[in-house]
Amino acid sequence: MGSFGSKLFEPVKVAAPPEVSSPAEPAPLAAPGAPTSPEQAPVFNNCWSCRVLSGSGLIGAGGYVYWVARKPMKLGYPPGPGTITQMVIGISIACWGVIILSDPKGKAIRAA
């Protein structure tokens, strides 16, 4: 029933940092015409099942936020600024879900 705390630690050798004869210079900035790194692949896939799942989830979340804000109004309480704000946010979340379902980012064609 010994403990590890009672053992002595072994000394650890640490390498010394390299000697620098001149001060460190910052890396030069990229020229305006210089090529940049390649474009990164999109993080989220644009597959139909992903769009249906995320779009319907956002519509459901927006509907729930709107419904929770609407419930006291059905009981006869007058709506305050917080209730109106919550209803607007709920509608906005649901609209975001409709946009995801109908036309995800990168699929729209702009008219010139």
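Source: prediction; values computed, not measured. Quick note: residue numbers are just sequence positions, from 1.
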**OP:** Indicate the atoms forming the closest heavy-atom contact of A69 with T83, along with that distance.
**Re:** O-CG2, 3.3 Å
**OP:** Work out which heavy atom in L58 is nearest to a heavy atom in G97; give both atom names and the distance.
**Re:** CB-CA, 3.6 Å
Original post:
What residues join M73 in its hydrophobic cluster, counting side-chain heavy atom gaps under 4.5 Å, either direct or through other members?
Top reply: Y66, M87, I91
**OP:** Look at the side-chain heavy atoms of Ile, Leu, Val, Met, Phe, Trp and Tyr, link any pair under 4.5 Å apart, and say whether I100 and I89 land in one connected group.
**Re:** yes
Subject >> Taking every non-hydrogen atom, the tightest pair across P79 and I84 >> reply: CB-CD1, 3.9 Å
